Amino acid sequence: MLDTLKRDFRAVAPAVDFCSLRFVEETSEHLAVRQDVAEPPRLSTDRGAMLTVIHRGGLGYAATSDLSQAGLRDAAVRASRLAALTAGRSVVDYSQVAMPRPRGQYQTAVSRPSQSITRRDKLALLADEAQQCRIDDRIVDWEATLWSTQTRQLYLTADGGEVMQQFDYLVPYVSATAHANGETQTRTHGGRYNGFCQQGGLEILDAFGLKGSGRATAEGALELLAAPNCPTGRMDVLLMPDQMLLQIHESIGHPLELDRILGDERNFAGTSFVTLDMFGSYQYGSALLNVTYDPSRPEEYASFGWDDDGLKAERQYLIRDGRLERPLGGAISQARAGLAGVANTRACSWNRPPIDRMANLNVEPGTSTLEELIASIEHGVVMRTNVSWSIDDSRNKFQFGCEWGQVVRNGRLAEVVKNPNYRGISATFWRSLTGVGNAQTQQVMGTPFCGKGEPNQAIRVGHASPACRFSGVDVFGGVE
Amino acid sequence: MKDRFHDLAKFVQSLARPGEVIASSFSAEDSHFIRFNRSVVRQATAVRQGGWCLTLIHDGRRVDATTTLSGQGEADREQLRTLLTSLRHAIVDAPEDPYLLWPETPVATDRETKGELPDAEQVIDAVTAAGRGVDLVGLYAGGPIYKGFANSLGQRNWQHVDNFNLEWCLYHDRDKAVKTAYAGSRWEPEVLSARMAEARKRVALLARPARTLEPGRYRAYLAPAAAKEVLDMLCWGGFSLKSQRTKQSPLLRLSEGEATLDPRVSISEDIAQGLAPGFQSDGFVRPAQIALIREGKIANALVSPRSSREYDVPTNGANDGEAPESMALAGGELPAAEALRSLDRGLWVSNLWYLNFSDRSACRLTGMTRFATFWVENGEIQSPVNVMRFDDTVYRMLGSELESLTQEQELLLDGGTYGGRNTVSVRTPGLLLRDFMLTL
């Protein structure tokens, strides 16, 4: 099929300044056992292609699920027409942008393919964990799920570029909800909204810790049900990797997206407090803050070889020793802004045009052990597992909440607390970073659902982070 | 497209074997997405796509599989035949499902809303011309949307809606902007011109020096677009039977009778007045209207077929997520034209942004003001207000602190385009609040 697609694309590609085809085929399987009942398996195959045409300064995209030569020709005509209509009326002269002509291959490293065991066996694994959630009558809902996806992506340019990339993704999840006396608390294993998501095969289940997770999750929900509300006041917080993923995502990742800084997202996702003149000089955080765009970590959710405009992906520091170095911007945004960026122009599927996305955005480990971080806190709260997130359209004033908290007094862990929340301002929050955990405290997380763009796109991103301590944070709990 | 759907539905029906029920859910669109920044085009995209979800039910088991269609008749028939074969293999591994439910009595529906939609050239010409001399950023999304359902028992449901949604902001500077929308089924350039002129007038107000408020309690008016954001949060499990029964509904205190909202608050799922299909993905036909909150108290939950079996409550045509798709909050007594005068002194909030629960059990929300938020004194706009965070409960906003609702409701399209253009809408009045809690 792919050979036919290559031949047909060469046959229909119009004589223009630039033309490319991006074919995406994605198959997925979603399995769930809820309250000991296996839900009907949900299977999906999505397949189509996006034709891109740049000509005389204009840019047009046309997506089609008709992969016949006639279907591709029709898409090429539609993309060419849109390129003609936008020539001279676009944010940049697209013909002046040097589009890459890449060649190569990328493939996820898989030890145990998802298909190496039967669907029945996978459901049995989930049923085991679901059954173990039922440890108390106050557990009112529980669930174990497994979502696997295989993606093939072929990128062709009319002048000979050709990149084939194949990805395997796995997303396990366990949750338990406890209720008593008008109060409901949910605890999850893997993050409330699929924060544990990685590339690879069934070996990911070991890293996830599936076995025994059902009982531990239910115990966590009951522990929260009995816990007091998180205290209110200004104190230290120690954010674990399954909250750091959200903190990085919202208050470093989105503000550094170059298309936001250039104004493309102002009608929907918003703008940024970061401006073009800050790169190279702005002190984003304390000297402990080191942030990388890293597409090279094999198990991380958004690792790849080339982005969707064909730019080769390479690890880069965005923030080094707290100082802002470069934005998250691909070939077109870099040309518009006159800044060096990274290979992060990505589309969620064949039916959407690529825009600047986060991909893998990581906080690099420091030197402190977890014990040292805790011991250094006189009064504070350890927070785990994001449950609530809200931030302004400039990505500055934020308020985040977690599933689980634990008070620290005089360097020692004390009582567990429920509904831990904190708020702050991005532009100053990262300067209060006073401790960064070592590699042993680091975890590779991410999200399948980063939303952005017009038309809207939900895309996969990865975030690896150690535990991090912030000082003097505004902390509060739930309604008394 | 309709003929194509019926041909494929008939073909799939012909493949059913004795004892099998096969259901088909179809979705397609032929859309233009034209994205503008700084009054010129950023990206122009044409998307032609169709998807078909096959459900095989046999021997108390069920498997679902979705595939993309090419639009080529013979190729699509072959694809669906192959998919059905794979489902017959897959169903062997599927456990028995105690919560299976499908419509056993076929009910046919057919709704077509054909319109006059603009060509991409008309849109680009009109918007770039309207944006001359100002900083315009926005998105046009338009074209036909098709939805269909069929099953091997002979049921057929069809909906075809031609519509467009142009949403744009005129920016004064940084985060100060006026957001406007023009949506419908018939493109009328003079309507666009009038709305653009109105937006230009309002953006001039943003040139006044901005005011920064201290955290605290403020009298506030939430315009319909801001009120919609609050109502959208209630869709996140608030009316779901499953969420209520598993104690995860943010409106748990309301559904358990421990709290009430203001008696002027009545919320319904108003399928008859919205754009969402009159049938759900398993083929159950929806009532024209379902009362969700009546006079401040819970009336009905939204019940999916699965919840119907699990909790032994009749389904009312909800999809699996049991969220409203055509929600309506009843209007009140305050003429919209009087809202500014009635506010007298306080915050005029045009839009809210990025809401989330800060305490789900208590239905406490946090979120930001966005775009044009103004400080009002003596019933007159004084100055724009820099963005502020609120943190407040729905029991206060739609309960103890609700002073009035405007008589007029606005129909606001969701505008969401994840995967495809959706047909979700909310109809809501504006809300005048005695007290609104700002925290940062």
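As the structure is a computational prediction, the values presented were derived from the model and not from experiment. Below, read A as the first sequence line, B as the second, and so on, with proteins coming before strands; counting in each chain starts at 1.
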The interface call for Ala141(B) against chain A, heavy-atom contacts under 4.5 Å, is neither

Heaviest contributor of heavy-atom pairs below 4.5 Å to chain A, chosen from Thr66(B), Leu54(B), Val92(B), is Thr66(B)

The interface call for Asp135(B) against chain A, heavy-atom contacts under 4.5 Å, is side chain

Counting heavy-atom pairs under 4.5 Å with chain A, the top scorer among Cys169(B), Ala46(B), Ala94(B), Ser358(B) is Ala46(B)

Turns out that what part of Thr177(A) lies under 4.5 Å from chain B's heavy atoms comes down to side chain

If one checks every heavy atom of Leu69(B) against chain A at 4.5 Å, the contacting part turns out to be backbone

Okay, Arg245(B) and chain A: the region with an atom under 4.5 Å from a heavy atom over there is neither

Under 4.5 Å to a heavy atom of chain A? For Leu440(B) that would be both

Bottom line for Thr128(B): the part with an atom under 4.5 Å from chain A's heavy atoms is side chain

Okay, Asp74(A) and chain B: the region with an atom under 4.5 Å from a heavy atom over there is side chain

When the 4.5 angstrom heavy-atom criterion is applied to Arg364(B) and chain A, the contacting part is side chain

**Message:** Between Glu29(B) and Arg48(B) (salt bridge meaning N to carboxylate O under 4.0 Å), is one present in this structure?
**Reply:** no

Turns out that what part of Asn165(B) lies under 4.5 Å from chain A's heavy atoms comes down to neither

Whatever's closer than 4.5 Å to a heavy atom in chain A on Gln79(B) counts as side chain

If one checks every heavy atom of Gln49(B) against chain A at 4.5 Å, the contacting part turns out to be both

Okay, Arg35(B) and chain A: the region with an atom under 4.5 Å from a heavy atom over there is side chain

When the 4.5 angstrom heavy-atom criterion is applied to Asn351(A) and chain B, the contacting part is both

So, the part of Leu123(A) with a heavy atom under 4.5 Å from chain B: the answer is side chain

Heavy-atom nearest pair, Gly477(A) first then Asn229(A), reads C-OD1, 4.0 Å

Q: Could you walk me through whether Asp119(B) and Arg81(A) pass salt bridge (Lys or Arg N to Asp or Glu O under 4.0 Å), step by step?
A: CA-CA 12 Å; Asp119(B) 177 73; Arg81(A) 178 162 187 267; 2.8 Å; yes

Among residues 26-38 of chain A, residues within the sub-4.5 Å heavy-atom range of chain B, in order of number, are Arg34(A), Gln35(A), Val37(A), Ala38(A)

Bottom line for Phe268(A): the part with an atom under 4.5 Å from chain B's heavy atoms is both

In terms of heavy-atom pairs under 4.5 Å with chain A, the winner among Leu252(B), Thr246(B), Ile91(B) is Thr246(B)

Ranked by heavy-atom pairs below 4.5 Å to chain A, first place among Thr366(B), Val387(B), Asp97(B) goes to Thr366(B)

Most contact-rich option vs chain A, by heavy-atom pairs under 4.5 angstrom, among Gly415(B), Ala90(B), Gly71(B), Ala44(B), is Ala44(B)

Lys/Arg-Asp/Glu bridge criterion (N-O < 4.0 Å) met for Asp125(B), Arg89(A)
yes

The interface call for Ala177(B) against chain A, heavy-atom contacts under 4.5 Å, is neither

So, the part of Asp46(A) with a heavy atom under 4.5 Å from chain B: the answer is both

When every non-hydrogen atom of Ala178(A) is compared with those of Ile139(A), the smallest separation belongs to CB-CD1, 4.0 Å

Of Asp474(A), Leu262(A), Ile332(A), Asp121(A), the largest count of non-hydrogen pairs under 4.5 angstrom with chain B goes to Leu262(A)

| Under 30°, 30 to 60°, or over 60°: which ring-plane class applies to Trp236(B) and Tyr193(A), parallel, tilted or perpendicular? | tilted

Whatever's closer than 4.5 Å to a heavy atom in chain A on Asp359(B) counts as side chain

Among residues 451-458 of chain A, residues within the sub-4.5 Å heavy-atom range of chain B, in order of number, are Gly451(A), Lys452(A), Gly453(A), Glu454(A), Pro455(A), Asn456(A), Gln457(A), Ala458(A)

Okay, Phe33(B) and chain A: the region with an atom under 4.5 Å from a heavy atom over there is side chain

So, the part of Arg78(A) with a heavy atom under 4.5 Å from chain B: the answer is side chain

- [ ] Before accepting this row, confirm whether a basic side-chain N of the pair Arg336(A)/Asp264(A) lies closer than 4.0 Å to the acidic partner's carboxylate O.
- [x] yes

